S.K.: 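I have a structure I would like to understand better, so I am pasting it below and will then ask my questions one at a time.
The shown structure was predicted, so the numbers you read here are calculated from the model rather than taken from an experiment. Below, chain A is the first sequence line, B the second, and so on; all start at residue 1. Both backbone and side-chain heavy atoms feed into the values below; hydrogens, waters and symmetry mates do not.
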Amino acid sequence: MTALRLRNTLTRKVEDFIPLDPSNVRIYLCGPTVYDRAHIGNARNVIVFDVLYRLLRQIYGEGHVNYARNFTDVDDKINARSLESGRPISEITAETTQWYLDDMGALGNLEPDHMPRATAYIGEMIAMIEALISRGHAYEAEGHVLFDVRSFAGYGKLSGRSVDDMIAGARVEVAPYKRDPMDFVLWKPSEPELPGWDSPWGRGRPGWHIECSAMSHALFGESFDIHGGGIDLQFPHHENEVAQSCCAHPEGSFARYWLHNEMLMVEGKKMSKSLGNFFTVRDLLDQGFAGEVIRFVYLMTHYTRPMDWTDTKAREAEGVLRKWRGLTAGVEATEPAAEVIAALSDDLNTAGAIAALHGLANSGDYAALKASARLLGLLEDHMGDWLKGGADLSAYADRLAALRAEAMASKDFSAVDALKSALLEAGAEVRMSKAGVEVQPGQGFDESRLPAL
RNA sequence: GGCGGGUUGGCGGAGAGGUUACGCAGCGGAUUGCAAAUCCGUGAAGACCGGUUCGAUUCCGGUACCCGCCUCCA
């Protein structure tokens, strides 16, 4: 079997992946803050981790991989959304959570084994903060509890920066109650109108980073295998998680491999809320891009590289999937091909895996093509409706066949050509062979432009 | 300012110190009433300047440009 190799942000090298316990491989992905629709950047790490999850299940067995992805349902963005809309927080988080599950499912992602919600782990967070205070890594000040970055020698290791350098950058908020400008909030007081929980430090709510530390510990223990997210989470979010977890549980190693995916670009720029150039997964689905097609576009680019979303890529992806679905229709999937597993095992080289799939398609091994594609979450039965969808154009096919039969005798093909070009203009695919005539909806098909029969 | 990533053929996009990546598009052919689809074949590359080497697009150094993080963001 090919050894799995992964790029570990912690060491900045591609390393052999060796799980702590092959019968219980544990991976954790930072999930969404549920206050709005997931944008297309949010989908990238989900798809990356979904492929990783499928590959690990292939290697270690389905029952031996545990995948957790949290929902952050306590956050000031949610509070702000509630205040501006007048809707209860619980209603917003419940609705957004379901949107997220629907949208990620539409892209062909499996659901993780665990999907913890932050508000269900407030007790664990408080306990962890208490442990940090008692161990001398955190302190209370003006109702806040802050992590003391100077107390953790390893602070900055994950993101490759030093506390002194960052302070030199002088772009941190310097609250008067902080011992060091880089200290970050573990707990903060809540005004009466904001969500809050009773704690040893008064009524308040957790800070930005503590939830992932508390939830991963509750589900996976002091040490687990892989933790991931977008590269923009490397600092400060993941750096702070490391600090909290390693100081609260020094007997463990927290995450041993860190996987970070590069950003998704639109027109060569990072998609971001502040730039206003982002759109949601639902926007793409509503524009008529099939979930499977969107997924294929993501897989075309290696996860460690910036990826550009373009309509051209989507068209190319659709063409490939259309072809493969045609080749594999009715074929029973066998086992994934060794070359596809090898490509994925090489730091999730999805582009290489797709190339291997082309090889299987060209060599006629459709059973392996189908099985291998499923390792990438492609060519699954439930993802193929986009091809079947649309109008039944067999009446046009019959009419065209009849006209052609007449034309064969009369040698006058003008009526055949007229109907054919009208169908093509409406975006239909027309195939006339000796065996018969086929008319199907093609790319850009518009039923309203069909000619009358 | 500090730290990190990138620059491959018309486009997208990988691997490998020496032997075709792959896909899309293009071109030639087969097929077709004409097309489409399909099949066969085919040209085209690695920002710039140095270094190491028998040999570098691949390793090392520098230059230019692009992008990201350092502030809510995946």
Side-chain angles (χ1 to χ4, degrees), chain A residues 7 9 12 29-33 35-36 38-49 75-77 80 156 159-162 164-173 182 208 228-239 260-265 268-275 278 296-297 299-308 310 312-320 322-323 326-327 342-343 346-347 349-359 361-362 404 407-414 416-417 420-421 423-424 428-434 437-440 442:
Chain A
R7 175 164 212 91
T9 309
R12 277 150 255 274
L29 175 66
C30 283
T33 301
Y35 69 105
D36 206 349
H39 61 69
I40 63 172
N42 296 122
R44 193 170 190 198
N45 57 20
V46 176
I47 291 172
V48 169
F49 258 64
D75 184 277
D76 287 350
K77 289 193 289 294
S159 54
R161 45 189 96 194
S162 73
D164 292 327
D165 285 348
M166 286 186 278
I167 291 169
R171 297 182 69 174
V172 286
E173 176 202 358
M182 292 308 295
W208 182 27
I231 188 68
D232 56 340
L233 288 187
Q234 183 186 19
F235 188 89
H237 186 54
H238 287 160
E239 191 70 63
H260 288 108
N261 58 278
E262 256 294 348
M263 298 290 100
L264 186 143
M265 327 282 282
K269 285 259 195 289
K270 188 185 79 156
M271 216 177 58
S272 77
K273 289 164 193 179
S274 51
L275 287 177
F278 73 99
F296 193 101
V297 171
L299 296 174
M300 284 166 72
T301 305
H302 189 86
Y303 77 93
T304 57
R305 296 200 164 214
M307 151 196 164
D308 226 335
T310 64
T312 310
K313 282 185 181 175
R315 250 179 280 125
E316 195 174 313
E318 183 179 329
V320 173
R322 193 179 287 275
K323 177 180 164 185
L327 295 174
D346 180 15
D347 196 26
N349 185 356
T350 51
I354 288 171
L357 293 178
H358 282 297
N362 292 336
R404 187 172 66 147
M408 290 290 212
S410 67
K411 302 294 178 199
D412 175 9
F413 288 89
S414 55
V416 185
D417 288 339
K420 189 180 75 179
S421 51
L423 288 167
L424 291 175
E429 277 181 22
V430 179
R431 288 174 213 166
M432 293 190 280
S433 69
K434 282 176 181 150
V437 177
E438 281 180 74
V439 181
Q440 290 176 338

S.K.: Which value, in whole Å, describes the distance between the C1' atoms of nucleotides B:rG55 and B:rG18?
M.R.: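 Result for the C1' pair: 6 Å, nearest Å.
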S.K.: Could you give the CG-to-P distance, from A:Leu423 to B:rA37, as a whole number of Å?
M.R.: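 After rounding, the reported distance stands at 16 Å.
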S.K.: Which part of the nucleic acid does A:Met263 contact within heavy-atom distance under 4.0 Å: base, sugar-phosphate only, or nothing?
M.R.: base
S.K.: Look at the side chain of A:Ile231 and decide which nucleotide, out of B:rG68, B:rC72, B:rG15, has an atom nearest to it.
M.R.: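 Minimum distance to the A:Ile231 side chain belongs to B:rG68.
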S.K.: Under 4.0 angstrom, heavy atoms only, what part of the nucleic acid is A:Arg44 near: base, sugar-phosphate, or nothing?
M.R.: nothing
S.K.: Reckon A:Arg12 touches a base, only the sugar-phosphate, or nothing at all at heavy-atom distances under 4.0 Å?
M.R.: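 The answer is nothing, as A:Arg12 stays clear of every strand by at least 4.0 Å.
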S.K.: Specify the separation, in whole Å, of atom CE of A:Met265 and atom C1' of B:rC69.
M.R.: 13 Å
S.K.: Between A:Arg404 and B:rU32, does any side-chain N or O lie under 4.0 Å from OP1 or OP2?
M.R.: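 No, because none of the side-chain N or O atoms of A:Arg404 sits under 4.0 Å from OP1 or OP2 of B:rU32.
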S.K.: Between the base of B:rG12 and the side chain of A:Asp308, is there any donor-acceptor pair under 3.5 Å?
M.R.: no
S.K.: Which part of the nucleic acid does A:His260 contact within heavy-atom distance under 4.0 Å: base, sugar-phosphate only, or nothing?
M.R.: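 No contact.
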S.K.: Once you apply a heavy-atom cut-off of 4.0 Å, does A:Lys420 come out as touching a base, just sugar-phosphate, or nothing?
M.R.: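 Touches a base.
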S.K.: The side chain of A:Phe413 lies closest to which of these nucleotides: B:rG23, B:rA14, B:rG33?
M.R.: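 My answer, after comparing the listed nucleotides, is B:rG33.
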S.K.: Determine the contact category for A:Phe235: base if any of its heavy atoms lies under 4.0 Å from a base atom, sugar-phosphate if only primed atoms, P, OP1 or OP2 are that close, otherwise nothing.
M.R.: sugar-phosphate
S.K.: Among B:rA21, B:rG15, B:rA14, which nucleotide sits nearest the side chain of A:Ala355?
M.R.: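 Given the options B:rA21, B:rG15, B:rA14, the side chain of A:Ala355 is closest to B:rA21.
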S.K.: With heavy atoms under 4.0 Å as the rule, sort A:Gly41 into base, sugar-phosphate or nothing.
M.R.: base
S.K.: Kindly say whether, by distance alone, the side chain of A:Lys313 makes a donor-acceptor pair under 3.5 Å with the base of B:rC24?
M.R.: no
S.K.: Ignoring backbone atoms, establish whether A:Arg305 has a side-chain N or O less than 4.0 Å from OP1 or OP2 of B:rU7.
M.R.: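 Looking at the OP1 and OP2 atoms of B:rU7, one of them is under 4.0 Å from a side-chain N or O of A:Arg305.
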S.K.: In the structure I gave you, are the side-chain heavy atoms of A:Glu262 and A:Thr301 within less than 4.5 Å of one another anywhere?
M.R.: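 A side-chain contact is absent here, since even the closest heavy-atom pair is not under 4.5 Å.
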S.K.: Can you find a side chain N or O atom of A:Asn362 that sits less than 4.0 Å from OP1 or OP2 on B:rG23?
M.R.: yes
S.K.: Using purine N1 to pyrimidine N3 plus N6-O4 or O6-N4 for Watson-Crick, or N1-O2 and O6-N3 for G-U wobble, both under 3.5 Å, which nucleotide pairs with B:rC39?
M.R.: B:rG29
S.K.: It should be established whether A:Thr301 places a side-chain nitrogen or oxygen under 4.0 Å from OP1 or OP2 of nucleotide B:rG13.
M.R.: yes
S.K.: Could you give the NE2-to-P distance, from A:His237 to B:rU71, as a whole number of Å?
M.R.: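 Atom-to-atom, A:His237 to B:rU71, this comes out as 15 Å.
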S.K.: Please give the nucleotide sitting opposite B:rU19 as a Watson-Crick or G-U wobble pair, both distances under 3.5 Å, or none.
M.R.: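 Partner of B:rU19: none found under 3.5 Å.
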S.K.: Would you say B:rA74 has OP1 or OP2 under 4.0 Å from some side-chain N or O of A:Asn45?
M.R.: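 Indeed not, no polar side-chain atom of A:Asn45 lies that close.
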S.K.: Rounded to the nearest angstrom, tell me the gap between atom NE2 in A:His358 and atom P in B:rA25.
M.R.: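 Rounded to the whole Å, the gap is 11 Å.
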S.K.: Round to a whole Å and report the spacing from CG of A:Leu264 to P of B:rG68.
M.R.: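 Answer to the nearest Å: 12 Å.
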S.K.: Passes side-chain hydrogen bond (donor to acceptor under 3.5 Å, both in side chains), A:Asp412 versus A:Ser414? Steps please.
M.R.: CA-CA 6 Å; A:Asp412 175 9; A:Ser414 55; 2.8 Å; yes
S.K.: How long is the line joining CG of A:Asp232 and P of B:rG4, in whole Å?
M.R.: 18 Å
S.K.: When we call it a touch if two heavy atoms are under 4.0 Å apart, what does A:Asp36 touch: a base, just sugar-phosphate, or nothing?
M.R.: nothing
S.K.: Taking any strand in view, what nucleotide pairs with B:rG50 in a Watson-Crick or G-U wobble way, both distances under 3.5 Å?
M.R.: B:rC60
S.K.: Taking the side chain as C-beta and beyond, is there a heavy-atom pair between A:Leu264 and A:His39 under 4.5 Å?
M.R.: no
S.K.: Report the residue (A:Gly352 or A:Val416) whose heavy-atom-nearest nucleotide on RNA chain B is the more 5′ of the two.
M.R.: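 Nearer the 5' end of the strand: A:Gly352.
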S.K.: Measure from CG on A:Leu424 to P on B:rA35 and round the result to the nearest Å.
M.R.: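 Between P of B:rA35 and CG of A:Leu424: 13 Å.
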S.K.: Roughly, in whole Å, what's the span from NE2 in A:His302 to C1' in B:rG6?
M.R.: 13 Å
S.K.: With sugar-phosphate meaning primed atoms plus P, OP1 and OP2, does A:Asp417 contact a base, only sugar-phosphate, or nothing at under 4.0 Å between heavy atoms?
M.R.: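 A:Asp417: base contact, heavy atoms under 4.0 Å.
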S.K.: Looking only at side-chain atoms of A:Met408, point me to the closest of B:rG15, B:rG33, B:rC67.
M.R.: B:rG33
S.K.: Please compare A:Met307 and A:Pro236 by the position of their nearest nucleotide in RNA chain B and report the one closer to 5'.
M.R.: A:Met307
S.K.: Please name the nucleotide paired to B:rC3 by Watson-Crick or G-U wobble geometry with both distances under 3.5 Å, or report none.
M.R.: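 Its partner is B:rG68 (Watson-Crick or G-U wobble, both distances under 3.5 Å).
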